[in-house]
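What follows is a short report on a single structure.
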Amino acid sequence: MLTAEKVSKLYNVGDATVPVLKNINFSLNQGDFVFLTGPSGAGKTTLIKLLILQEYPTKGKIVFENVPIENLPKKLIPMYRRTVGVVFQDYKLLEHKTVFENIAFVLEILDKKQKEVADTVYKLLELVNLDNKASLFPKQLSGGEKRRVVIARAIANAPKLLIADEPTGDLDDDNTYRIIEILRRINQAGTSIIMTTHNMELLERYPDHKRWRIVAGELNTGASQTGHTRFISKLQNLLSEDVFKKISLLSPDSEADILSLTPSFLRDSLKMNDNEIHELIGKMKLLQSEA
């Protein structure tokens with residue numbers, strides 16, 4: 001359903017190149033429920049931005065149902081986003097609209113008929129246990145109730161993938177588990193879910209869900225890192241200190257992975273000069289021939 005292949009994201013800050021995501025690989029199947037964990041600043045939010053095309057990878061590709069999303073023409077991006085629901089940390093509710101209107105707004109944009117809009121909204125409100133709050137405004141709701149409105153809005157168009165960014169971060173235990181059970185019902189109906197969280201107790205309470213962890217821009221999905229670690233160590237022994245420092249920002253897997261990078265990418269994104277590029281390519285070709 002959704003895969004990432006050797007995805008890296010770098011930002012240029014002044015003269016420095018800062019890696020936020022390094023050579024990320026994952027595969028998400030239809031119906032999966034994943035807890036995505038990691039310390040603040042590890043790269044979780046950046047990954048979400050890549051998945052909803054607010055940002056684009058510096059290297060690698062993200063494939064959704066056999067389509068590399070970073071290659072989508074601009075006119076098709078809204079269509080893609082309709083298949084991905086997002087529960088944002090900061091709610092993003094329209095304060096001048098009622099609970100009903102906040103959810104209906106998503107369907108009205110898609111030119112759904114009035115009866116279909118009403119039927120769908122009330123079904124969603126029943127799902128999140130807010131059918132008695134339809135006429136209230138966001139300021140009249142508790143934090144947990146607002147979060148449930150956001151979830152209902154995010155699934156109004158029946159997305160195939162739901163991304164929930166810290167949906168329980170500001171909630172007490174009762175509301176946290178209420179939200180999780182709602183998400184589990186949505187997941188059991190067929191929607192795949194990626195949920196970021198800092199709450200380690202959730203991982204213990206729901207051991208049946210997958211666990212991904214980002215630390216310093218590197219994603220661990222449980223796969224072995226032995227081969228990758230060995231290759232990085234080999235690079236460090238083979239390359240000059242300056243070249244190794246720059247190429248290691250991408251956390252490459254193999255010499256072929258490095259040789260796939262164009263000189264313009266090495267020059268513009270990794271700030272390599274011509275001598276460094278020549279050294280890197282020469283050493284990688286030598287290493288590849290010895291394999």
Side-chain angles (χ1 to χ4, degrees), residues 1-2 28-34 48 51-54 64-65 67 69 72 75-168 170-171 174-196 206 209:
M1 177 196 183
L2 177 70
L28 183 79
N29 299 318
Q30 187 69 46
D32 281 348
F33 190 130
V34 174
I48 290 173
L51 295 179
I52 61 177
L53 291 178
Q54 283 187 357
F64 182 79
E65 298 196 324
V67 177
I69 63 173
L72 284 174
K75 64 181 180 181
L76 294 183
I77 291 176
M79 189 179 300
Y80 164 71
R81 286 178 176 159
R82 289 171 196 164
T83 67
V84 180
V86 184
V87 178
F88 295 101
Q89 288 188 46
D90 56 355
Y91 304 121
K92 296 187 185 298
L93 293 172
L94 301 173
E95 295 295 332
H96 63 286
K97 290 184 179 292
T98 65
V99 167
F100 181 96
E101 292 167 340
N102 264 280
I103 302 170
F105 181 70
V106 175
L107 298 166
E108 290 165 351
I109 290 176
L110 301 176
D111 292 325
K112 301 289 185 181
K113 293 182 179 179
Q114 189 172 0
K115 184 178 186 307
E116 182 181 357
V117 170
D119 288 346
T120 300
V121 172
Y122 281 117
K123 285 179 182 177
L124 291 169
L125 288 175
E126 185 175 358
L127 172 67
V128 298
N129 301 315
L130 288 175
D131 40 317
N132 62 340
K133 306 280 185 176
S135 61
L136 299 184
F137 290 89
K139 66 181 180 181
Q140 297 174 288
L141 303 176
S142 68
E145 290 169 339
K146 288 180 183 178
R147 190 67 68 193
R148 282 184 272 157
V149 176
V150 174
I151 291 172
R153 182 183 61 187
I155 63 171
N157 197 41
K160 295 180 179 180
L161 171 64
L162 178 65
I163 300 171
D165 190 11
E166 288 284 354
T168 64
D170 55 352
L171 304 179
D174 287 344
N175 276 302
T176 289
Y177 295 122
R178 187 176 297 164
I179 293 297
I180 295 298
E181 289 306 322
I182 290 171
L183 292 176
R184 280 165 61 86
R185 290 204 297 272
I186 294 168
N187 175 242
Q188 288 162 4
T191 299
S192 301
I193 294 178
I194 298 175
M195 174 183 154
T196 69
Y206 301 100
H209 297 322

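The figures here come from the full heavy-atom set of this structure, side chains too, leaving out hydrogens, waters and symmetry mates.
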Would you indicate whether the side-chain heavy atoms of [Y] and [X] approach each other to under 4.5 Å?
X	Y	answer
L183	L162	yes
K133	R148	no
T196	E166	yes
V87	M195	no
I48	F88	no
L141	L130	no
V149	V128	no

Tell me, yes or no, whether the heavy-atom count around [X] atom [atom1], taken from other residues, nucleotides or ligands under 6.0 Å, exceeds 12.
X	atom1	value
K97	NZ	yes
Y177	OH	yes
E126	CD	no
Q114	CD	no

Nearest heavy-atom pair of [X] and [Y]: which atoms, and what distance?
X	Y	result
A152	I103	CB-CD1, 3.6 Å
I179	R147	CD1-CG, 3.8 Å
Q140	E145	O-OE1, 4.5 Å
P159	T191	O-OG1, 3.3 Å
F64	I69	CB-CG2, 3.6 Å
L94	N102	N-OD1, 2.8 Å

Practice item. Apply side chain to side chain donor-acceptor pair (under 3.5 Å) to the pair Y206 and E181, showing each step before the final yes or no. Key: CA-CA 10 Å; Y206 301 100; E181 289 306 322; 2.8 Å; yes
Working to the nearest 0.5 angstrom, can you tell me the gap between [X] [atom1] and [Y] [atom2]?
X	Y	atom1	atom2	answer
L2	L161	CG	CG	6.0 Å
T176	L171	OG1	CG	5.0 Å
T120	L125	OG1	CG	11.0 Å
I180	R184	CD1	CZ	9.0 Å
I77	K75	CD1	NZ	12.0 Å
T168	N175	OG1	CG	10.0 Å

Practice item. Check the pair R153 / L93 against side chain to side chain contact (heavy atoms under 4.5 Å, CB included), numbers first and verdict last. Key: CA-CA 9 Å; R153 182 183 61 187; L93 293 172; 3.7 Å; yes
Any donor and acceptor pair, going by atom type alone, linking the side chain of [X] with main-chain N or O of [Y] inside 3.5 Å?
X	Y	result
D165	Q89	no
T98	E101	yes
R185	L127	yes
N157	R82	yes
R81	L53	yes
E95	P138	no

Point to revise | Pair S192, D32: side-chain N/O donor-acceptor within cut-off below 3.5 Å | key: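 Checked: S192/D32 side chains show no N/O donor-acceptor pair below 3.5 Å.
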Practice item. For the pair V84 and L51, evaluate side chain to side chain contact (heavy atoms under 4.5 Å, CB included) and give the outcome as yes or no after the intermediate values. Key: CA-CA 9 Å; V84 180; L51 295 179; 5.9 Å; no
